[in-house]
Amino acid sequence: QVQLVESGGGLMHTGGSLRLSCAASGFTLDYHAIGWYRQAPGKEREGVSCISGSTGSTLYADSVKGRFTVSRDNTKNTVYLQMNSLKPEDTAVYYCAVDRGYGSSCSIGAIWEYDYWGQGTQVTVSS
């Protein structure tokens, strides 16, 4: 059974940093695209960042570009989202997701492009 577990969320002040982790079990993340999404109260889930399964190329939403960095450690079967210079508008539940397609490029578009999702981790940024 595939499980994705996010961790690392919490309460942070504006300008602070957090690193989210997405650990997988029952599935090897190598060569699979991983996406990070977030959902704020009353809003739709939106793509934040992703890392491709083939080249390791990355994409970022304009709202986080230059502040967030996605990376992967295949030896730990884990993907990370380093979040710096946090803003109150970054407050949301953050989810990681996996595209089971082998060697797939990544997208931060439609959520149905990803097949497996974690349960999410709350990030709250105070002003």
Only counting residues at least two apart or in another chain, list the ones meeting side-chain contact (heavy atoms from CB on, under 4.5 Å) with [X].
{"X": "Val2", "value": "Phe27, Tyr116"}
{"X": "Thr124", "value": "Leu11, Thr91, Gln122"}
{"X": "Glu89", "value": "Lys87"}

How far does [atom1] of [X] sit from [atom2] of [Y], to the nearest 0.5 angstrom?
{"X": "Arg67", "Y": "Asp90", "atom1": "CZ", "atom2": "CG", "value": "4.0 Å"}
{"X": "Ser104", "Y": "Ile34", "atom1": "OG", "atom2": "CD1", "value": "8.0 Å"}
{"X": "Leu81", "Y": "Thr121", "atom1": "CG", "atom2": "OG1", "value": "11.0 Å"}
{"X": "Ile108", "Y": "Asp62", "atom1": "CD1", "atom2": "CG", "value": "8.0 Å"}

Can you name the nearest heavy-atom pair linking [X] to [Y], along with the distance?
{"X": "Ala61", "Y": "Gly47", "answer": "CB-O, 3.5 Å"}
{"X": "Ala97", "Y": "Leu4", "answer": "CA-CD1, 4.0 Å"}
{"X": "Thr78", "Y": "Ser21", "answer": "CG2-CB, 4.2 Å"}

**Report entry** Listed partners of Gln82 passing side chain to side chain donor-acceptor pair (under 3.5 Å), at least two apart
**Finding:**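 Side chain to side chain donor-acceptor pair (under 3.5 Å) list for Gln82, sorted by chain: Asn84.
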**Report entry** Pairing residues for Ser85 by the side chain to side chain donor-acceptor pair (under 3.5 Å) criterion, not counting sequence neighbours
**Finding:**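 Side chain to side chain donor-acceptor pair (under 3.5 Å) list for Ser85, sorted by chain: empty.
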Side-chain heavy atoms nearer than 4.5 Å, only ILVMFWY residues, links allowed to pass through others: does that put [X] and [Y] together?
{"X": "Tyr95", "Y": "Ile111", "answer": "yes"}
{"X": "Met12", "Y": "Val64", "answer": "yes"}
{"X": "Leu59", "Y": "Ile51", "answer": "no"}
{"X": "Tyr80", "Y": "Val123", "answer": "no"}

What pairs of residues pass the salt bridge (Lys or Arg N to Asp or Glu O under 4.0 Å) test when at least one of them lies in [range], not counting sequence neighbours?
{"range": "residues 111-125", "answer": "Arg100-Asp115"}
{"range": "residues 117-127", "answer": "none"}
{"range": "residues 1-21", "answer": "none"}
{"range": "residues 39-60", "answer": "Arg38-Glu46"}

May I have the list of side-chain donor-acceptor pairs in residues 68-76 shorter than 3.5 Å, sequence neighbours left out?
{"unit_1": "Arg72", "atom_1": "NE", "unit_2": "Asn74", "atom_2": "OD1", "d": "3.4"}
{"unit_1": "Arg72", "atom_1": "NH1", "unit_2": "His32", "atom_2": "O", "d": "3.1"}
{"unit_1": "Arg72", "atom_1": "NH1", "unit_2": "Ser52", "atom_2": "O", "d": "2.9"}
{"unit_1": "Arg72", "atom_1": "NH2", "unit_2": "Leu29", "atom_2": "O", "d": "2.5"}
{"unit_1": "Arg72", "atom_1": "NH2", "unit_2": "His32", "atom_2": "O", "d": "2.9"}
{"unit_1": "Asp73", "atom_1": "OD1", "unit_2": "Thr75", "atom_2": "N", "d": "3.0"}
{"unit_1": "Asp73", "atom_1": "OD1", "unit_2": "Thr75", "atom_2": "OG1", "d": "2.4"}
{"unit_1": "Asp73", "atom_1": "OD1", "unit_2": "Lys76", "atom_2": "N", "d": "3.4"}

Requested in this report: Using the disulfide (SG to SG under 2.5 Å) rule, collect all pairs that involve residues 56-123, keeping only residues at least two apart or in two chains.
Outcome: Cys22-Cys96, Cys50-Cys106
Requested in this report: Scan residues 35-67 for pairs that pass ring-ring contact (aromatic ring centres under 6.0 Å, His included), counting only residues two or more places apart or in two chains.
Outcome: Tyr37-Tyr114, Tyr37-Trp117
